[in-house]
Protein chains: 2
Amino acid sequence: MPGKPRPPEIAFRKHDHRRCQRQLLSEATQLCAERKLRLTARRRQVLEALLASHQPMGAYDILAELNQSAGEEHVAPPIVYRALEFLMSEGLIHRIESRNAFISCVQPGHRCGAQFLICRDCEQVAELEGNDDGLLAEADNLGFAVDHSVVEITGVCAECQKHAG
Amino acid sequence: MPGKPRPPEIAFRKHDHRRCQRQLLSEATQLCAERKLRLTARRRQVLEALLASHQPMGAYDILAELNQSAGEEHVAPPIVYRALEFLMSEGLIHRIESRNAFISCVQPGHRCGAQFLICRDCEQVAELEGNDDGLLAEADNLGFAVDHSVVEITGVCAECQKHAG
DNA sequence: AGGCATAGTGTTATATTATAACGTATCGAA
DNA sequence: TTCGATACGTTATAATATAACACTATGCCT
Ligand SMILES: [Zn+2]
Ligand SMILES: [Zn+2]
Ligand SMILES: [Zn+2]
Ligand SMILES: [Zn+2]
């Protein structure tokens with residue numbers, strides 16, 4: 001039960017995020033079960049940190065959260081990076097290259113390259129759906145075999161344009 | 001006299017690069033003159049390092065080249081980063097976000113977002129021409145005001161596919 | 001020419017992001 | 001239950017990037 005698909009610009013809209021969050025976590029759990037993969041406590045912890053918002057977080061921000069919430073436990077960078085690597089490989093999160101940051105995927109499991117609109121004012125990031133077909137066709141024309149695509153558009157979102165008058 | 005425009009996949013083709021290089025440097029010089037900007041010795045040095053090939057270089061690779069060729073002189077990171085920033089702001093080079101690297105622009109001066117095909121085998125990078133209109137239209141639809149776009153497609157180029165059998 | 005504002009450079013130190021290497025623990029299958 | 005594989009924990013270090021501040025060259029005004 002994948003639920004209603006999220007609109008692509010979800011991050012830019014008010015929505016019941018508590019619910020959104022639960023839903024995404026449950027989709028992730030199910031997806032790992034189907035793929036016979038282990039969504040371990042650590043990995044879930046990292047995923048949850050990212051699911052807390054639709055904003056990107058740096059690896060060290062996540063690290064800080066883990067260390068905050070974890071009492072005396074000391075968590076070191078490799079732990080976070082390994083969890084991030086796993087979550088990326090399964091399409092549960094994405095890396096925002098132009099920010100050295102990570103963000104939860106709103107269409108978990110689609111491993112193909114996502115496309116992002118990044119507001120440089122409010123810092124929110126919208127993940128668009130679908131592929132950039134025109135571009136992929138162009139690559140194909142040149143005989144280029146596409147592996148992975150990074151598409152990150154920076155600018156100002158509709159909301160922030162209003163407020164900036 | 002901007003010369004013949006380069007085909008977008010120039011980096012993937014054999015060509016008289018000595019000539020290509022001279023041409024790009026002269027275009028850069030002219031462009032800076034037109035814009036009343038100073039293409040200082042340092043900036044030219046960094047640009048030349050990037051013009052030596054159509055491959056991306058890390059900031060520290062450039063740094064190393066400067067220190068090699070410069071006898072006893074010691075060049076420190078900020079010098080390189082500042083030159084890179086200038087060259088990027090004028091559209092003479094681009095940053096490849098997914099590689100933390102920089103590459104000379106094959107259409108110097110066009111400040112809009114470029115698009116790249118990156119071969120993960122031979123490491124060559126082709127800069128495509130033009131914008132990704134479909135995507136920009138989609139952003140527009142959402143009321144998003146685009147500033148800058150990053151498009152980086154990783155895969156295997158035609159040549160490397162042949163050799164890999 | 002002299003004085004001034006600005007932009008560019010040099011230098012030191014440090015911040016930020018990411019990985020190597022290696023040992024231990026955990027899990028699931030035989 | 002033993003074994004192999006995967007995941008985790010730990011330490012150290014690599015790679016990338018910037019802050020801060022002093023000094024210098026350049027262009028402009030007078
Ligand atoms: Zn949400
Ligand atoms: Zn915004
Ligand atoms: Zn060339
Ligand atoms: Zn190739």
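Chain letters run A, B, ... following the sequence lines, proteins first, then strands; residues in each count from 1.
The main-chain N or O of A:E138 is never found under 3.5 Å from a side-chain atom of A:N141 such that the two would form a donor-acceptor pair. B:Q55 places no side-chain N or O within donor-acceptor distance of the main-chain N or O of B:V125, the cut-off being under 3.5 Å. Judged by distance alone, with hydrogens and angles left aside, the side-chain atoms of B:D140 form no donor-acceptor pair with the main-chain N or O of B:A137 at under 3.5 Å. Put simply, the side chain of B:N67 gets close to the backbone of B:V75: a donor and an acceptor are under 3.5 Å apart. With B:Q115 contributing its side chain and B:L128 its backbone, the two residues share no donor-acceptor pair below 3.5 Å.
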Please write out each protein N/O paired with an N/O of nucleotides 2-5 of chain D under 3.5 Å, distance rounded to 0.1 Å.
none

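Atom-to-atom, NZ of A:K36 to C1' of C:dC27 comes out at 15 Å; the value is rounded to the nearest Å. A straight line from CG of B:L37 to P of C:dT6 spans 17 Å, rounded to a whole angstrom. The interatomic distance linking A:R43 (CZ) with D:dT6 (P) rounds to 11 Å, in whole Å. For the pair B:N67 CG and C:dG10 C1', the interatomic distance rounds to 13 Å; values are reported in whole Å. As rounded to whole Å, 15 Å separates atom P of D:dA7 from atom CG of A:L84. With rounding to whole Å, A:F86 atom CZ is found 11 Å from D:dT6 atom C1'. Between A:R38 atom CZ and C:dT26 atom C1' the separation is 7 Å, expressed in whole Å. Between the CG atom of B:L39 and the P atom of D:dT26 there is a distance of 14 Å, given to the nearest Å.
For A:R42, a side-chain nitrogen or oxygen approaches OP1 or OP2 of D:dG9 to under 4.0 Å. Under 4.0 angstrom from either OP1 or OP2 of C:dT26 there lies no side-chain N or O belonging to A:T40.
Counting heavy atoms from C-beta on, the side chains of A:I96 and A:P56 come closer than 4.5 Å.
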Treating primed atoms plus P, OP1 and OP2 as sugar-phosphate and everything else as base, which nucleotides of nucleotides 11-24 of chain C get B, S or - for protein heavy atoms under 4.0 Å?
BB----BBBBB---

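Judged by distance alone, the side chains of A:S98 and A:E152 do bring a donor and an acceptor atom under 3.5 Å apart. Side-chain contact of A:H54 with A:Q124: a donor-acceptor pair under 3.5 Å is absent, judged by distance alone.
Closest heavy-atom contact between B:L92 and B:L47: O-CD1, 4.4 Å.
The bend of the helix from C:dA1-D:dT30 to C:dA30-D:dT1, defined by the angle between the axes of its first five and last five pairs, stands at 30° to the nearest 10°.
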Working note: B:L87 + B:F102, criterion side chain to side chain contact (heavy atoms under 4.5 Å, CB included); need CA distance, chi angles, decisive distance, verdict.
CA-CA 10 Å; B:L87 296 168; B:F102 303 85; over 6 Å; no

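Considering A:R35, A:R38, A:R43, A:K36 as possible partners of A:E90, the one that fulfils the salt bridge (charged side-chain N to carboxylate O under 4.0 Å, His left out) test is A:R35.
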